[in-house]
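Here the structure comes first, spelled out in structure tokens, and everything after it is commentary.
What you are looking at is a predicted structure, and each value in this text was computed from that prediction instead of being measured. By convention in this document, chain letters (A, B, ...) are assigned in the order of the sequence lines, proteins followed by strands, and residues within each chain are numbered from 1.
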Number of protein chains: 2
Amino acid sequence: MSTAEVLASVDIVALRMNDRSQLDILLIRRAQAPFAQQWALPGVLVNGLTADASLDAAATRALAVKARIKPRYMEQVATVGDAVRDPRGWSLSTFYLALVAPDTPLGDEDLSFVALNAVLDRRFALPFDHAQLVALACERLAAKSTYTSLPLYLISQRFTVTEALAAFQVCLGQAVQHTTLRGRLERMKQHGWIVETGEKNYPKMGRPQNVLEHRPQPSAAFVFDRSVLS
Amino acid sequence: MSTAEVLASVDIVALRMNDRSQLDILLIRRAQAPFAQQWALPGVLVNGLTADASLDAAATRALAVKARIKPRYMEQVATVGDAVRDPRGWSLSTFYLALVAPDTPLGDEDLSFVALNAVLDRRFALPFDHAQLVALACERLAAKSTYTSLPLYLISQRFTVTEALAAFQVCLGQAVQHTTLRGRLERMKQHGWIVETGEKNYPKMGRPQNVLEHRPQPSAAFVFDRSVLS
DNA sequence: ATAATAGTGTCTGTGAGACATTATGTA
DNA sequence: TACATAATGTCTCACAGACACTATTAT
């Protein structure tokens, strides 16, 4: 290794909500050493040869070329670096949190969505320090879910209050009063972030649900001025 | 440059409050090319040769070695990377926000505290994309100052409400009701983050001030459940 | 009718915001 | 005394939280 350079990668913690309202994480079977054939976070090396315009562009590229996925939301979480996380030597990883639509398909056998909880409690082991990165990304998601509309990126643009409630609860890891969520959705409606479609969804039983539409602004997520679960 | 590696550095945005209650930023006169002799953010290269235990350790080292400063608070802000920010090629910079005590001395002629506002509005130009990094770090500080006790790290451990008010206002960039701040300090007092010393400070005019003491916990900063300036 | 689920209304508590009032020092 | 500044008190408003109540469908 030359004197001034270091091994740097971008890794993605991409989350999706399954039909049981639980979070799954996107993993890829590594093609190359180290840890070939093992399931790991999708990622790419960044260096001058892979003409990425920026680090964010590299993150987008990682999801696009490895999994053909365009996330509905993506943000940089942090960068970790030390001498032991990669057997090849001192290395850096800048990792991102990505939220993808619930119906996102996977075209490849080397890609899979795995139960996030299995990764978090180490029943499903990951190479490198990827389990740690996943934990940090989830902490970020939980923290931001208390005062932003982030969980809405995990459900369809056209959604019901019940779906939104499930998304918030799985992000936060605890129950949320539906009246609290309705109040927040109402405030987003006043700011044009949510519109009432006028349509109804008819479940098997019970009163039909109003169908809302999420109109996310480029500024990422709606920010409330208080935290839920104070 | 070898194929898999990249130039990576850690840069520090270290802020101090001066006696006019304005923020200053620590700059260092670069000894080496590129941009030798110019004022820039203190930072170090990270790679396998400089046995840093971790990225955070490298950040601490950067302040310690370059400026002999131990910050009262430090957190990673983000990592930027692209092909043009450094003339030497594709490079990464992980940058940190550091808050240092108001009486921090500088022992070196190649170190200086410069008015933060001059850097932010480009009257004082910085090399690389350092001005952009400074702007991002300040945004982080302002955002966190609405719902945490971060500004307290800019004043002495033993402080008065007036000093705390000045710190919050300069971090937020706008006026804050002193009653609001008193309420928040009261809540911190109940959680053991602040204690009443019983002493008084006697200014030239007016009623004497109670002297409080900030007892920061290792968990970084006190988090309030609402934002100020809603 | 009954069950099931959606949506609304009511009441309480907390804390920010604005402003008035009192307290305690110096000149 | 007048003045300056600190500290406290009062009132309003917004919103989370808890829970009751009403509404609308299927069976």
Do any side-chain atoms of residues 125-135 of chain A form donor-acceptor pairs under 3.5 angstrom with protein atoms, and if so which ones, sequence neighbours left out?
residue	atom	partner	partner atom	Å
A/Asp129	OD1	A/Arg85	NE	3.3
A/Asp129	OD1	A/Arg85	NH2	3.0
A/Asp129	OD2	A/Arg85	NE	2.8
A/His130	ND1	A/Leu41	N	3.2

Identify all pairs in which a protein N or O lies below 3.5 Å from an N or O of nucleotides 1-5 of chain D, and state each distance.
residue	atom	partner	partner atom	Å
D/dT5	O2	B/Arg207	N	3.2

*For A/Lys200 and D/dA23, give me the distance from atom NZ to atom P, rounded to whole Å.*
13 Å

*In chain order, what residues pass the ring pair (Phe, Tyr, Trp, His ring centres under 6.0 Å) check against B/Phe224, with sequence neighbours excluded?*
B/Phe222

*Side chains of B/Asp11 and B/Ser9: do they bring a donor and an acceptor to under 3.5 Å?*
yes

Sort me out a list of protein N/O and nucleotides 11-15 of chain C N/O pairs below 3.5 Å, or just none if empty.
residue	atom	partner	partner atom	Å
C/dT14	O2	B/Arg226	NH2	2.2
C/dG15	O4'	B/Arg226	NH1	3.3
C/dG15	O4'	B/Arg226	NH2	3.2
C/dG15	N3	B/Arg226	NH1	3.1

*Check ring pair (Phe, Tyr, Trp, His ring centres under 6.0 Å) between B/Phe95 and all other residues, then give those that pass, not counting sequence neighbours.*
none

*Whole angstrom is fine here: how far is it from CG in A/Leu229 over to P in D/dA16?*
11 Å

_Does C/dG17 have OP1 or OP2 under 4.0 Å away from a side-chain N or O of B/Thr179?_
no

*Would you kindly compare A/Pro208 and B/Arg182 by the position of their nearest DNA chain D nucleotide and give the one closer to the 5′ end?*
B/Arg182

_OP1 or OP2 of D/dA7 under 4.0 Å from side-chain N/O of B/Asn210_ = yes

_For residues 56-75 of chain A, which residue pairs pass the ring pair (Phe, Tyr, Trp, His ring centres under 6.0 Å) check, not counting sequence neighbours?_
A/Tyr73-A/Tyr153

*Would you say C/dG17 has OP1 or OP2 under 4.0 Å from some side-chain N or O of B/Gln177?*
no

*asked:* On DNA chain C, does the nearest nucleotide to B/Gly183 precede the nearest nucleotide to A/Val161 from the 5' side, or the other way round? Give the residue.
replied: A/Val161

*Taking NZ, NE, NH1 and NH2 as the nitrogens, is one of them in A/Glu75 or A/Lys144 under 4.0 Å from a carboxylate oxygen of the other?*
yes

